Structures are given as structure tokens and as C-alpha cells.
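Please read all numbers here as calculations on a predicted model, not as lab measurements. As the structure lists them, so they are numbered: ligands from 1, and atoms in each ligand from 1.
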Amino acid sequence: MSEQRVVVVTGASRGIGRAIAVQMAAPDTHVIVNYNSSPEAANETVSLARGRGGAATAMGFDVADPEAVKVAFDQIVETHGRIDVLVNNAGIAKDNLLALMKPAEWDVVMATNLKGAFLCSQAVVRPMMRRRFGRIVNVTSVVAATGNPGQCNYSAAKAGIIGLTKSLAREIVSRKITVNAVAPGYIETDMTAALPAKAREALLAQIPAGRPGAPEEVAAAVAFLASDAAGYITGQVIHVNGGMFMA
Ligand code: NAP
């Protein structure tokens with residue numbers, strides 16, 4: 001078994017996932033940088049993680065594809081013998097008003113954002129139970145709590161993530177595995193850059209901190225929940241949103 005802590009971050013080629021992968025990188029850690037369609041960007045994340053003195057490997061698979069997820073996690077366990085941390089970060093948005101939303105727009109968001117977290121969590125639970133240690137951190141969103149027009153699919157998937165987090169936390173806490181969620185507010189990434197200027201202004205106006213968040217500010221909360229120090233915290237949702245919503 002590898003002596004290094006093994007951390008898997010899904011959707012780590014860009015944005016929040018990249019910041020998480022880099023933040024978690026350390027000399028005693030091997031970070032697996034998952035991506036779906038951006039291998040070059042994933043390789044940049046790998047370089048940044050290695051720059052912090054740790055090992056890192058890019059691994060392409062679609063989190064919504066059960067067979068691809070199984071093959072990938074089997075390979076990680078075979079190579080390293082352990083998975084210490086899983087961060088379910090991969091996510092997409094396909095915004096539309098409900099009246100206009102196509103079933104395909106609903107399905108693809110559910111598949112990536114919710115089923116992906118289910119599949120990857122299922123893949124790590126047994127290896128973590130065998131070692132009586134594990135940390136699962138799921139990336140949800142402020143809109144799971146507040147709702148957002150145009151995001152019925154996205155907010156439903158992100159609210160589903162919270163239910164998954166709490167139920168799985170109860171199932172496996174006795175094996176010393178914690179399951180928590182981090183709910184970012186408005187964070188500057190490719191995802192939010194795609195919003196129309198008016199929608200961005202409206203979001204900014206709702207943030208008491210008066211500015212959008214940085215991916216590194218989300219990564220800091222994820223890294224804490226993934227740390228040994230957070231062993232008594234499970235089933236929780238930590239909001240990282242500059243005061244945009246207070247639970
Ligand atoms: P982003 O910049 O658009 O990056 C999305 C990441 O997810 C990319 O690395 C992408 O990989 C990956 N991904 C997408 N579909 C995938 C799939 N089927 N399988 C594997 N990886 C996949 O988004 P972001 O803003 O960093 O968001 C990261 C997470 O935070 C998401 O879950 C998002 O919902 C959540 N979030 C973001 C905000 C925000 O304000 N930005 C707020 C709340 C929550 P490829 O590039 O390889 O396709």
C-alpha cells in the first residue's frame with residue numbers, strides 16, 4: 001500500500017476543482033486530478049500540484065458513466081491500495097426557465113451533478129471502510145438552499161447532494177468516515193463567466209462582502225473538512241459565500 005495519502009478530486013481540470021487539487025497537494029499526498037473533456041487543463045493542474053512537492057496524476061473519466069467510474073476507481077485502488085479523500089466537485093449548469101427546459105437539460109445536469117457524486121462515493125466506500133478511515137466532501141451550491149430562477153435542474157441536483165451527504169454520513173460514521181458538503185456562493189470561474197452581465201450584477205448585489213469569492217476560498221473549506229482535524233464533523237454543509245446566504 002502506498003505510504004502517501006491518496007486524494008481524488010473530480011472535475012479538477014479548472015476552477016474550484018483545480019484550486020482544491022492544488023490546495024490538497026503536499027509531499028505526503030498523491031492527488032488524482034479527474035477531468036472529462038480538458039486533458040491539457042488537467043495536466044496544468046497536475047503541474048501546479050507537483051509544484052507543491054506532492055505527487056499528482058491526471059485521470060480522465062465521465063463521473064456520470066458507471067462503467068468508466070468503476071474502471072477508474074478500481075485502477076486507483078489497485079495502484080495505490082488506498083483512497084483517503086474523495087472530493088465530488090465535478091459539475092455543470094444547463095440553465096433554462098422550467099417552462100422551456102428540455103428533458104435532456106434536466107437529465108444531463110442530474111447525471112453529472114448528482115448521479116456522479118453517487119457513483120464516485122459508492123466506488124470509495126468499500127476501500128475506505130476496509131481502512132476504517134475516509135473523508136468525502138461534496139460540492140453543492142448556495143442555490144440548493146435559496147433556489148434560483150433558471151436553475152431548477154441545477155438547484156434540485158445540488159439539493160440532492162445535501163440529502164446524499166447527510167444519509168451517507170449516517171451510514172458510515174461508525175467506520176470513521178466523514179461525509180460533508182461545501183456550498184459555494186458566487187465564485188469566479190468559467191461557470192460564472194458564462195453568465196450574462198446582468199445576472200452577474202444581480203448576484204453581486206446579494207453579497208454582503210461586496211465581491212465574488214475565489215476558488216481558493218472554497219478549497220480552504222474543503223481542505224479543512226478533509227483533514228484529520230475534522231474527524232468529528234459529519235453530515236454538515238459549510239457555506240462559503242461572503243454572507244450571501246446564512247443558514
Ligand atoms: P467549471 O469551471 O465549469 O469547471 C467544471 C469542472 O467539472 C471541470 O473541471 C470539468 O472538466 C468538470 N466536469 C464537468 N463535467 C464532468 C464530468 N461529466 N465528469 C468529470 N468532470 C466533469 O466549474 P466551477 O465553477 O469550478 O464549479 C465546480 C463545482 O462547484 C461544480 O460542482 C459547481 O456546480 C460548483 N459550484 C460553483 C459555483 C461558482 O460560482 N462557480 C457556485 C456554487 C457551486 P472538463 O473541463 O475536463 O470538462
For ligand 1, find each of its N or O atoms that sits under 3.5 Å from a protein N or O atom, and tabulate the pairs with distances to one decimal place.
{"unit_1": "ligand 1", "atom_1": "3 (O)", "unit_2": "R14", "atom_2": "NH1", "d": "3.4"}
{"unit_1": "ligand 1", "atom_1": "9 (O)", "unit_2": "G11", "atom_2": "O", "d": "3.1"}
{"unit_1": "ligand 1", "atom_1": "9 (O)", "unit_2": "S13", "atom_2": "N", "d": "3.4"}
{"unit_1": "ligand 1", "atom_1": "9 (O)", "unit_2": "S13", "atom_2": "OG", "d": "2.7"}
{"unit_1": "ligand 1", "atom_1": "11 (O)", "unit_2": "S13", "atom_2": "OG", "d": "3.2"}
{"unit_1": "ligand 1", "atom_1": "18 (N)", "unit_2": "D62", "atom_2": "OD1", "d": "2.8"}
{"unit_1": "ligand 1", "atom_1": "19 (N)", "unit_2": "V63", "atom_2": "N", "d": "3.1"}
{"unit_1": "ligand 1", "atom_1": "25 (O)", "unit_2": "T189", "atom_2": "OG1", "d": "2.5"}
{"unit_1": "ligand 1", "atom_1": "26 (O)", "unit_2": "I16", "atom_2": "N", "d": "2.8"}
{"unit_1": "ligand 1", "atom_1": "32 (O)", "unit_2": "N89", "atom_2": "O", "d": "2.7"}
{"unit_1": "ligand 1", "atom_1": "32 (O)", "unit_2": "K158", "atom_2": "NZ", "d": "2.8"}
{"unit_1": "ligand 1", "atom_1": "34 (O)", "unit_2": "Y154", "atom_2": "OH", "d": "2.5"}
{"unit_1": "ligand 1", "atom_1": "34 (O)", "unit_2": "K158", "atom_2": "NZ", "d": "3.1"}
{"unit_1": "ligand 1", "atom_1": "36 (N)", "unit_2": "Y154", "atom_2": "OH", "d": "3.4"}
{"unit_1": "ligand 1", "atom_1": "40 (O)", "unit_2": "G185", "atom_2": "O", "d": "3.3"}
{"unit_1": "ligand 1", "atom_1": "40 (O)", "unit_2": "I187", "atom_2": "N", "d": "2.8"}
{"unit_1": "ligand 1", "atom_1": "40 (O)", "unit_2": "I187", "atom_2": "O", "d": "3.2"}
{"unit_1": "ligand 1", "atom_1": "41 (N)", "unit_2": "I187", "atom_2": "O", "d": "3.2"}
{"unit_1": "ligand 1", "atom_1": "41 (N)", "unit_2": "T189", "atom_2": "OG1", "d": "3.1"}
{"unit_1": "ligand 1", "atom_1": "46 (O)", "unit_2": "S13", "atom_2": "OG", "d": "3.0"}
{"unit_1": "ligand 1", "atom_1": "46 (O)", "unit_2": "R14", "atom_2": "NE", "d": "2.8"}
{"unit_1": "ligand 1", "atom_1": "46 (O)", "unit_2": "R14", "atom_2": "NH2", "d": "2.9"}
{"unit_1": "ligand 1", "atom_1": "46 (O)", "unit_2": "S38", "atom_2": "OG", "d": "2.6"}
{"unit_1": "ligand 1", "atom_1": "47 (O)", "unit_2": "S13", "atom_2": "OG", "d": "3.3"}
{"unit_1": "ligand 1", "atom_1": "47 (O)", "unit_2": "N36", "atom_2": "N", "d": "2.8"}
{"unit_1": "ligand 1", "atom_1": "47 (O)", "unit_2": "S37", "atom_2": "N", "d": "2.7"}
{"unit_1": "ligand 1", "atom_1": "47 (O)", "unit_2": "S38", "atom_2": "N", "d": "2.9"}
{"unit_1": "ligand 1", "atom_1": "47 (O)", "unit_2": "S38", "atom_2": "OG", "d": "3.4"}
{"unit_1": "ligand 1", "atom_1": "48 (O)", "unit_2": "S37", "atom_2": "N", "d": "3.2"}
{"unit_1": "ligand 1", "atom_1": "48 (O)", "unit_2": "S37", "atom_2": "OG", "d": "2.7"}

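- Within the 3.5 Å criterion, the main-chain N or O of I32 finds no donor-acceptor partner in the side chain of T57.
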Which atom pairs, one a donor and one an acceptor, fall under 3.5 Å between side chains of residues 19-28 and the rest of the protein, sequence neighbours left out?
none

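- Taking F118 as the reference, nothing meets the ring pair (Phe, Tyr, Trp, His ring centres under 6.0 Å) condition, with sequence neighbours excluded.
- Of the candidates Q4, R131, H30, R135, R131 is the only one forming a side-chain hydrogen bond (donor to acceptor under 3.5 Å, both in side chains) with D84.
- For S47, there are no side chain to side chain contact (heavy atoms under 4.5 Å, CB included) partners two or more places apart in sequence or in a different chain.
- The side chain to side chain contact (heavy atoms under 4.5 Å, CB included) with I187 is formed by just one residue from the set N241, I16, V142; it is I16.
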